[in-house]
Protein chains: 2
Amino acid sequence: MYQPITIKDIAKALGLSTSTVSRALTDRYEISVETKKLVLEYAEKIGYQPNPIAQSLKERRSHSIGVVVCEVANNYFSQAINGIESIAYSRGYHVIITQTHESFDREVVNVQHMASRGVDGLLISLSSETNDLNHLTTLHEKGLPMVFFDRVANDIETHKVIADNYRGAFDATEHLIKTGSRRIAHLTNSPNLSITAERLDGFKAALAKYDVPFNPDYLKHCDHGGMIQDEVEIAVNQLLALSDRPDAIFIASDRLSTGCLYTLKKHGIKVPADIAIAGFTNSDVAELFNPALTTVRQPAFKIGQIATEMLIQLIESKYPVTEFETRKLDTELIIRESSEHHVTIT
Amino acid sequence: MYQPITIKDIAKALGLSTSTVSRALTDRYEISVETKKLVLEYAEKIGYQPNPIAQSLKERRSHSIGVVVCEVANNYFSQAINGIESIAYSRGYHVIITQTHESFDREVVNVQHMASRGVDGLLISLSSETNDLNHLTTLHEKGLPMVFFDRVANDIETHKVIADNYRGAFDATEHLIKTGSRRIAHLTNSPNLSITAERLDGFKAALAKYDVPFNPDYLKHCDHGGMIQDEVEIAVNQLLALSDRPDAIFIASDRLSTGCLYTLKKHGIKVPADIAIAGFTNSDVAELFNPALTTVRQPAFKIGQIATEMLIQLIESKYPVTEFETRKLDTELIIRESSEHHVTIT
DNA sequence: TGCGGTTATGGGAACGATTGCATAAATAAT
DNA sequence: ATTATTTATGCAATCGTTCCCATAACCGCA
């Protein structure tokens with residue numbers, strides 16, 4: 001197979017000991033200038049590359065951070081990953097991405113693998129199936145640094161970065177109310193997720209503000225977060241079958257939004273004429289949709305960046321960190337056609 | 001920091017040597033049944049997990065494969081990655097994903113890092129900036145297994161998996177011609193990429209078949225593959241400014257398709273009434289677009305799977321492989337509104 | 001009783017890099 | 001001239017596993 005150059009090869013070639021070579025390469029003060037130069041030049045010449053595996057074993061750290069998301073094929077997460085990478089690379093860390101596909105088992109396997117593979121820290125957004133946090137608490141207690149983003153674990157004390165889901169949901173719902181909707185349904189994710197509760201609270205608060213009663217029939221959870229199209233379709237069908245059919249749907253996630261639009265299209269329901277739509281999504285093609293979609297957009301890139309900065313701070317901290325912070329970033333409501341069926345009332 | 005259980009701990013606790021423990025854990029014939037049972041049970045009890053870093057160092061393999069794509073936020077690649085993971089996990093490999101963002105430098109860094117990090121093999125789709133293959137040939141010559149998919153390197157002899165780009169482009173172009181377009185432009189990727197040439201050939205062949213002359217003014221390359229919106233906008237604007245403005249555009253990639261639609265929308269150009277559109281994309285929301293997009297879809301998941309199978313075959317082969325294969329998979333033309341402005345002629 | 005053969009185990013050297021602790025040589029201080 | 005100090009280098013242990021090579025205990029057979 002293929003045999004890279006080691007520190008030994010350099011030592012042998014130059015008649016030095018491996019320790020001297022190692023120290024010369026890491027530019028230590030004990031080594032004479034000439035030796036350093038000799039070693040450096042030779043290493044350069046034969047293309048020496050330190051073996052990170054051996055370094056990891058010795059130093060007990062890998063300069064890599066693990067990322068757990070449900071899917072990279074999701075605009076929010078792919079943007080967050082870009083944010084993560086932008087910081088990680090500039091700080092000398094490599095990024096290992098894993099997907100749970102919203103499966104709890106996959107999450108456990110991925111987290112465990114990355115931990116044993118020696119990542120220095122973990123950036124986690126929980127899967128919608130997860131309500132048991134044992135795989136994380138054990139690692140957390142052992143001192144593995146972790147930062148949650150978006151879908152956070154309330155019971156684990158560490159840094160967290162989220163969008164202002166309450167506010168985002170509130171704004172979107174308020175907008176639907178202001179454009180004349182009253183029978184507003186909420187299509188949302190698994191109740192396990194932190195974002196689900198936060199968005200539901202914002203939704204309810206907006207209803208309350210305008211004295212619109214909350215109707216439990218209008219609340220539909222999709223436990224797999226829209227990974228299974230049938231699930232979305234059933235939920236939407238149930239909404240459509242109600243005697244008091246909703247005149248608007250506020251949707252809590254990316255996949256649910258597209259799934260819902262598909263179903264409505266299938267039924268020939270006109271958006272926004274029959275039903276208005278507004279939803280959380282970071283899609284950058286929402287404007288090209290038919291109709292262009294009113295969206296709540298999260299600062300995903302920024303969230304990824306901040307989470308990574310926090311994680312690296314934890315990793316590099318000399319003392320165990322005991323003060324933890326939850327950063328909340330503003331969302332942005334982008335009003336387009338899908339919500340504009342009614343006249344604006346103020 | 002955090003101190004996992006090692007084979008030594010087990011050995012000490014059980015009064016055995018590390019060798020015996022190691023052998024018991026790997027179920028070797030030399031170890032007595034009782035000892036094995038003892039070790040296995042104790043290991044289970046205290047939650048022993050072998051250290052993959054130490055194993056990698058010793059075995060000189062990591063049971064992980066590296067993936068190089070331009071962007072995970074691209075439907076084609078995220079689907080391909082899902083295919084890759086599906087095979088890799090079932091065969092006991094882990095997957096490390098890196099993004100080039102269409103940058104050559106990023107590609108070099110990522111490839112080098114993964115190689116030195118000890119991946120057992122590489123799955124590569126080249127960046128649009130890449131036309132120097134040195135970073136890959138050196139590794140290839142050293143015997144690092146690699147398989148290309150989608151954007152392949154013609155000069156490196158190894159397995160490759162691609163869609164039938166020629167045929168896909170031919171079909172889409174033919175469809176545009178059959179629905180009455182004659183002045184068909186082609187908006188495409190960097191000329192560096194294999195897919196660019198293949199699709200262009202298919203495009204030209206379809207024109208030739210129907211005696212439509214090829215007009216070089218109608219061919220626009222975007223060297224950054226649509227990563228830079230301006231680039232797309234300029235290209236589209238140039239097409240629109242032509243005295244003999246095209247009545248259709250055949251678009252060679254995902255990002256270019258959305259970028260082009262944006263630009264057309266901005267100019268208030270009606271699709272398909274003014275200009276018909278058909279394009280390569282694996283978006284699963286193409287149907288929700290306004291208008292619903294006629295697309296050439298690639299079997300991305302399958303391509304990822306096959307590439308991974310081939311790579312694992314290379315990795316696990318006892319003898320150096322010298323016979324290489326290029327697998328070509330069929331694309332699928334999905335006709336929707338964006339191409340239907342004219343009556344069908346046969 | 002002694003020898004070849006099996007069976008089960010331990011010792012210790014790898015893998016590649018780092019690092020505390022010698023040690024040798026050169027220089028400075030007395 | 002002798003001791004102390006600096007400077008430059010090497011030895012060997014370490015990280016967690018694996019695996020080659022002993023070795024010890026036991027068996028059967030002559």
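Chain naming here is simple, since letters A, B, ... match the order of the sequence lines and numbering starts at 1 in each. Atoms considered below: every heavy atom in the structure, side chains included; atoms not considered: hydrogens, waters and symmetry mates.
- Using a 4.0 Å heavy-atom criterion, one finds that A:Ser56 contacts no nucleic acid atom at all.
- One atom, CD of A:Gln49, and another, C1' of C:dA17, lie 14 Å apart when rounded to the nearest Å.
- The distance between atom CZ of B:Arg23 and atom C1' of C:dT9, rounded to the nearest whole Å, is 7 Å.
- Side-chain N/O atoms of A:Ser22 include one lying less than 4.0 angstrom from OP1 or OP2 on C:dT18.
- At least one donor-acceptor pair under 3.5 Å links the side chain of A:Thr158 to the backbone N or O of A:Met146.
- Distance B:Asn51 CG to C:dC15 P: 18 Å, rounded to the nearest Å.
- When rounded to the nearest whole Å, the span between CG of B:Leu14 and C1' of C:dG10 equals 15 Å.
- For C:dT19, the OP1/OP2 oxygens have a side-chain nitrogen or oxygen of A:Arg28 closer than 4.0 Å.
- As judged by a 4.0 angstrom heavy-atom cut-off over every strand, A:Leu16 is placed among residues touching the sugar-phosphate backbone only.
- Computed from coordinates, the A:Glu59 CD to C:dG16 P distance equals 17 Å when rounded to whole Å.
- For the pair B:Leu133/B:His140, no side-chain contact is recorded, criterion being any heavy-atom separation below 4.5 Å from C-beta on.
- Counting any heavy atom pair closer than 4.0 Å across all strands shown, B:Gly15 reaches sugar-phosphate atoms only and no base atom.
- Using a 4.0 Å heavy-atom cutoff across all strands shown, B:Thr6 reaches sugar-phosphate atoms only and no base atom.
- Of the candidate nucleotides C:dA17, C:dC21, C:dT9, C:dA17 has the atom lying nearest to any side-chain atom of A:Tyr48.
- Atom-to-atom distance recorded for A:Ser190:OG and A:Ile195:CD1 is 9.5 Å, nearest 0.5 angstrom.
- Going from atom CZ of B:Arg60 over to atom P of C:dA14 covers 13 Å, rounded to whole Å.
- Using a 4.0 Å heavy-atom criterion, one finds that B:Gln55 contacts the sugar-phosphate atoms exclusively.
- Side-chain atoms of B:Ser17 and base atoms of C:dG11 include no donor and acceptor less than 3.5 Å apart.
- Below 30°, between 30° and 60°, or above 60°: for B:His63 and B:Tyr93 the angle between ring planes is between 30° and 60°, a tilted geometry.
- Ring geometry for B:His113 versus A:His94: interplanar angle under 30°, hence parallel rather than tilted (30 to 60°).
- Among the heavy atoms of the strands lying under 4.0 Å from B:Ser32 are primed sugar atoms or P, OP1, OP2 only; no base atom is included.
- The interatomic distance linking A:Lys8 (NZ) with C:dA17 (P) rounds to 9 Å, in whole Å.
- Nucleotides of DNA chain D with any atom under 4.0 Å from a heavy atom of chain A span, from 5' to 3', D:dA8 to D:dG16.
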